[in-house]
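The structure appears right after this line, and notes come after that.
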Amino acid sequence: MAKYRLNINTKKLDVEVDEGTSLLWVLREHLGLTGTKFGCGISQCGACTIHVDGQPMRSCLLPVDDFVNGQKITTIEGLSEGGNHPVQKAWIEAQAPQCGYCQSGQIMQAVALLEENPNPTREEIKVYMNGNLCRCGTYMRILDAIELASKNITESV
Amino acid sequence: MNVDRSISRRKFLKSSSGAMLFIGASGLLPMVVSCTNEKEIQKQLKKHQLTAWVQISEDGHITIYNPAAEMGQGSMTALPVLFAEEMDADWSMVSVEFSPQEASVYGSIAWNPNTKVLITAGSRATKGYYPVMRKAGAQARYALMHTAAMHWAVPRTELATDQGFVIHEKEGEKISYGALVPFLEIPENIPDFTEEQLKDPEKYRLVGKHMPRVEIPSKVDGSAKFAIDIRLPNMVYGVLERGNLHGAKPTLQNKADILVLDGVLKVVPFNYAVGIVASTLEQALAAKKQLKIDWSDAPPTGFNSQEAYIDYGKIASKSAKGKIIFDIGNVQKAWKSASKTYSIDFKNDYVYHAQMEPLNSVVKVAEDLQSAEVWVGSQQGGDGKVGVPQALGIPANKVNVHLQYLGGGFGRRSMTDFVTECALLAKEMAPLPVKLIWTREDDVTYGAYRPLTLQRLKASTDQKGRISGFSHCVVGDGGNLAASGIWNDYYDIPNQFAEWRETSHGIRLKHWRSVGHAPNKFAIECMLDEIAMDHGVDPVALRRKLMVKAPRALATLEKAAEISKWDETSIEGRAKGVAFLQRSGTLSTGICEISVNRQTGKIKVHHFWSALDAGVVVQPDNVKAQMEGGILMGMGSVLKEQITIVDGRIQQSNYHDYQLLRMEDIPESVETVIIESTESPQGVGESGTPLVAGAIANAFFSLTGKRLRHLPFTPDRVLEVLNS
Ligand code: FES
Ligand code: FES
C-alpha cells in the first residue's frame with residue numbers, strides 16, 4: 001500500500017492503494033467517481049476515457065503511480081457544472097445514449113476532439129472517435145451530436 | 001396470492017410525501033393512501049393486492065412507477081408516457097422511478113395472460129404493458145375527476161381535464177391535480193375502461209410525439225447508476241476464474257499461496273470455477289492471475305466449431321426428420337411437380353453479446369443468512385428475484401432487488417448466473433456486501449452465445465415461375481435459439497415445411513438480440529434472391545408478389561423501396577440488396593447499398609434504409625434509435641463478429657480479438673420510416689438486427705454475382721468468395 005495525492009476535477013484527493021493500481025480502479029472503487037466506466041481493461045473500448053492535462057487517455061491502463069506530479073485529471077463528473085458542457089447539451093439534443101454505459105467515455109473523447117479541432121469533418125470525427133466502442137450502436141447520433149456541438153461552439157465564439 | 005412486500009414496499013412508500021394513488025392493475029378497487037400515514041398504508045397493503053403506479057404530491061409533482069428494466073430501449077419513458085397520456089398529466093411535472101421488483105404486482109402479461117412475470121426481453125415491454133398502463137392512467141384520471149366533482153359538488157360528467165388540471169367549463173373553474181390531493185377520494189365504482197372508453201388516439205398529446213427519454217440527462221453527466229457503480233460500506237470484491245472450456249471442473253493447485261496474498265479474504269470453490277474474495281478489486285484481480293488450476297475435460301472437449309459444419313451437413317442429409325416446426329400443404333408434391341428446384345446451405349458462426357457493461361452485481365446477505373439485498377442490472381425473469389432465493393435457499397419475499405440501469409442486455413442479462421455467483425460469495429462473507437465483477441475476458445470466454453447453425457433450404461418453382469414449395473431445415477444446438485424466425489407467414493407460398501435438427505456440444509448458449517431470426521432470415525431472404533435472380537425477376541418484384549395476402553408487410557416493402565430509390569441503379573461500384581422480416585410482431589423491410597474493396601475483401605455499407613410497421617408507436621424517435629442501433633449491431637455481427645472454438649476452448653477473450661463495429665465502419669446514413677398504424681404496439685428492439693445479413697448478402701450478389709452464405713462476412717471469407 002502506498003499513499004497518493006491526486007489532482008482530480010480541480011480537487012486534491014488522497015488515496016491509499018497498492019502500487020501499480022490502475023487509475024480506473026482508483027477513480028471508481030476508491031474515490032467513487034463511477035461515471036468513468038470499465039469496459040475491457042486493455043485500452044480497446046474507450047469506456048474509461050478521462051482527460052489528463054486535457055488529453056484523452058484510457059484510465060484502465062494507467063498506473064496511479066504516474067499521476068503524483070499534480071497532473072490535471074478530469075473525469076465526466078468534473079467536465080461541467082450540472083452537465084451543461086456544450087457537448088453534453090448536444091448529446092441530449094441528439095438523444096444519443098441508449099444503455100448509456102459507453103457514453104461518458106464517448107463524451108470525454110468528443111470534448112477532447114473539439115478542443116483540438118473545433119470544426120472537424122465527418123471523416124476526422126470518425127477517426128478520432130474510432131477507439132470508443134458502442135455496443136448499442138449509437139454511432140450515428142454520436143456523430144450528429146458532435147457536429148451539433150461543433151456548430152454551437154464555433155457559432156458562440 | 002400472498003405477497004410480502006415488507007422490505008421494498010415500506011421503503012418505497014416512506015420516501016414519499018403526498019398521496020399515493022393505487023390503481024389495481026387487474027381491475028381491483030383503486031385506493032388512495034396518504035403517504036404520511038404509514039400505518040394506514042401498511043394496513044391497506046395487507047388487505048388488498050394493489051398496484052401503485054402513480055404518486056401525486058400537493059405541489060403537483062407526479063411520480064410514475066416503471067416496471068420494466070431499462071437497457072437503452074427506452075421503455076422507462078414509453079410506459080410512463082402511456083400512463084400520463086390517459087391520466088392527462090402535465091409531462092413536465094412527471095418523474096419516473098423503477099417500481100419494486102414484485103412480479104405478482106408489477107409483472108407483465110406479455111408472456112402468459114394468466115401469470116404476471118417481470119422479464120424485459122423479446123422486445124415485449126411496451127407490448128405487454130400497453131393495456132395495463134393506459135387503463136391504470138385512465139382510472140387515475142377518473143379518480144381525480146370524481147374528487148373534483150365532490151369538491152365542487154357538481155356532476156362528474158360536466159368535468160373535463162387538461163394537462164394536469166380538472167376543468168369545469170360551465171362555471172369557469174379549474175383545479176390542478178396537485179391541489180386535489182388533500183381531498184382525494186375514490187369513487188365506489190370505477191370503470192374497468194375498455195379499449196373504446198380510452199382516449200381516442202387522434203387526441204394523443206404525448207404518445208407518438210417526440211418525447212426525450214427521461215434518463216438521458218443522467219447518462220451524459222455520469223450520474224446514471226449501473227450495478228457496477230454501487231459502493232456500500234465494508235464492501236468486498238469477488239472474482240471467479242471459470243476457464244475457457246465450458247463446464248470443466250477445476251482443481252486448485254495453490255490455494256495456500258493464494259490465501260496469503262495481499263487482501264485475499266477467502267477462496268470459494270464452485271464446481272465450474274474458483275472464486276476469490278478480497279478487500280479491493282485490484283487485489284482480487286491480482287490473486288486471480290496467480291491461480292494455478294487443473295481443469296478436467298468437459299462435454300465440449302474435442303469440439304472444433306469450424307469443422308462442425310461437415311457434421312451438420314451430414315445431419316441435414318439424414319432421412320429422419322427432426323422436430324417439425326410447421327408442415328403446410330405438401331412440399332414433397334411441390335418438389336415432384338416442380339419445373340426447377342433449389343437446395344442451398346447457409347452457415348452461421350457463434351456470436352457473443354458483448355454488452356458494454358461486463359456482468360456484475362452486488363449482494364449483501366444478512367448475518368443470519370435468512371435475507372438478502374441485491375443490486376443488479378437485469379432483464380429480470382419470472383419473479384423478479386434474479387435467482388437469489390434459489391441460490392440461498394430462502395423465500396422470495398426475503399430477497400429485495402434494487403434494479404439498476406443495464407449497460408446493455410441483448411439477452412445476456414436475462415440469465416442470472418452472475419447473480420447466483422455473487423449471492424454464493426456473499427453468503428460466505430455475510431454480512432459483508434460483495435461486489436462481483438466479471439472481467440471482459442470472463443465475459444467473452446464464459447459467454448452464452450447465439451448458437452452455430454447450418455440452414456439447409458430447399459425451394460421449387462412451377463412452370464409459371466412461382467415459388468411452389470419452400471423447406472427449411474436448421475441444424476444446431478439450443479431449440480428455439482436455433483429455430484426462431486423460421487416462419488414465413490407473410491409470403492404466399494402454398495407448400496412449406498420447417499424443422500429443427502438437434503446437435504449438442506456443451507457450449508453455453510442464450511438468446512442474443514433477435515435470437516434465431518438473424519441467421520434464419522438471412523437464409524430465407526438470400527434464398528428468395530437466388531430464385532429471383534435465376535428467373536430474371538427483380539428481388540423487390542418477387543417479394544411484392546409473395547406478399548399479395550399481406551398488405552401490412554407489403555407496405556413496408558413499398559416504403560423501403562421508395563425511400564431507397566430501389567428502381568434507380570446505384571453509382572458504379574455499388575449495389576443494393578433487400579430483406580424483409582417479422583420479429584416480435586413488427587414487420588420491417590431493410591434495404592442497404594454497399595461496395596466492396598476487392599483487394600482487402602472489406603464490405604462497406606453506405607446506406608441503410610428501413611420501413612417498419614410496429615403498430616402504435618409510443619415514441620417515434622426512440623423507435624428510430626432502436627432501428628439504428630439494431631442495424632449497426634447487426635452490421636457488426638454480420639461483418640466482423642465470430643466466436644470460434646478449438647478442442648472445446650473458446651478462442652476469443654476481449655475486444656482485440658472479438659471485433660465490434662467501430663465508428664469507421666458506420667454508413668453515411670441509416671434512415672427509418674415508421675408506417676402509421678392504430679394496431680396495438682409491437683416490439684421494435686429486435687427488428688433491425690436480423691435485416692442486415694440478408695440485405696448485405698443480396699447486395700453483394702447483385703454487385704459481384706457471387707454468393708455469401710456463411711456468417712460473418714469477414715474480409716477473408718469475402719476474398720475467398722470473390723476468388724472462387
Ligand atoms: S476499459 Fe479502458 S479502454 Fe476499455
Ligand atoms: S449506449 Fe450502450 S454501449 Fe453505447
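Residue numbering restarts at 1 for every chain, and letters A, B, ... go by the order of the sequence lines. None of the values given here were measured: they were computed from a predicted structure.
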Is [X] in contact with chain A via its backbone, its side chain, both, or neither, using a 4.5 Å heavy-atom distance?
X        : value
B/Ser669 : backbone
B/Glu641 : side chain
B/Glu668 : backbone
B/Thr280 : side chain
B/Asp621 : both
B/Ala224 : backbone
B/Met635 : neither
B/Ile437 : side chain

Quick check on [X] against chain B: is it the side chain, the backbone, both or neither that has a heavy atom closer than 4.5 Å?
X        : answer
A/Leu143 : both
A/His30  : both
A/Ile107 : side chain
A/Asn132 : backbone

For atom [atom1] of [X], decide whether the heavy atoms of other residues, nucleotides or ligands shown that lie under 6.0 angstrom number more than 12.
X        : atom1 : value
B/Lys209 : NZ    : yes
B/Asn234 : CG    : no
A/Lys72  : NZ    : no
A/Glu16  : CD    : yes

Do [X] and [Y] come close enough that some side-chain heavy atom pair is under 4.5 Å?
X        : Y        : result
B/Leu406 : A/Tyr101 : no
A/Ser43  : B/Tyr655 : no
B/Pro217 : A/Ile92  : yes

Please round to the nearest 0.5 Å and tell me the distance separating atom [atom1] of [X] and atom [atom2] of [Y].
X        : Y        : atom1 : atom2 : value
A/Gln98  : B/Met356 : CD    : CE    : 13.5 Å
B/Ile666 : A/Tyr139 : CD1   : OH    : 9.0 Å
A/Arg135 : B/Gln355 : CZ    : CD    : 8.5 Å
B/Arg231 : A/Arg28  : CZ    : CZ    : 9.5 Å
A/Cys134 : B/Met633 : SG    : CE    : 10.5 Å
B/Gln626 : A/Cys136 : CD    : SG    : 8.0 Å

Could you have a look at [options] and say which one has the most heavy-atom pairs with chain A under 4.5 angstrom?
options                                : answer
B/Glu441, B/Glu215, B/Arg513, B/Lys435 : B/Lys435
B/Asp229, B/Leu632, B/Ile228           : B/Asp229
B/His353, B/Gln283, B/Arg213           : B/Arg213

Backbone N or O of [Y] within a donor-acceptor pair of the [X] side chain at under 3.5 Å?
X        : Y        : result
B/Lys219 : A/Cys99  : yes
B/Asn654 : A/Cys40  : yes
B/Glu664 : A/Lys126 : no

Shorter than 4.5 Å, heavy atoms on both sides: which option in [options] has the most such pairs with chain B?
options                               : answer
A/Gln44, A/Glu77, A/Met1, A/Gln106    : A/Gln44
A/Glu123, A/Arg122, A/Lys37           : A/Lys37
A/Phe38, A/Trp91, A/Tyr128            : A/Phe38
A/Thr138, A/Val127, A/Asn130, A/Ile76 : A/Asn130
A/Ile42, A/Thr36, A/Val17             : A/Ile42
A/Gln88, A/Gln103, A/Gln95            : A/Gln95

Requested in this report: Would you kindly say whether A/Glu29 and B/Tyr237 are connected by a side-chain donor-acceptor distance under 3.5 Å?
Outcome: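 A donor-acceptor contact under 3.5 Å links the two side chains.
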Query - Nearest atoms (heavy-atom pairs only) where B/Gly222 meets A/Ser104 - result: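 What the structure gives for the nearest pair is CA-OG, 4.0 Å.
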Query raised in the report: Which atoms form the tightest heavy-atom contact between A/Gly100 and B/Phe226, and what is the distance?
Result: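 So the two residues come closest at C-CZ, 3.9 Å.
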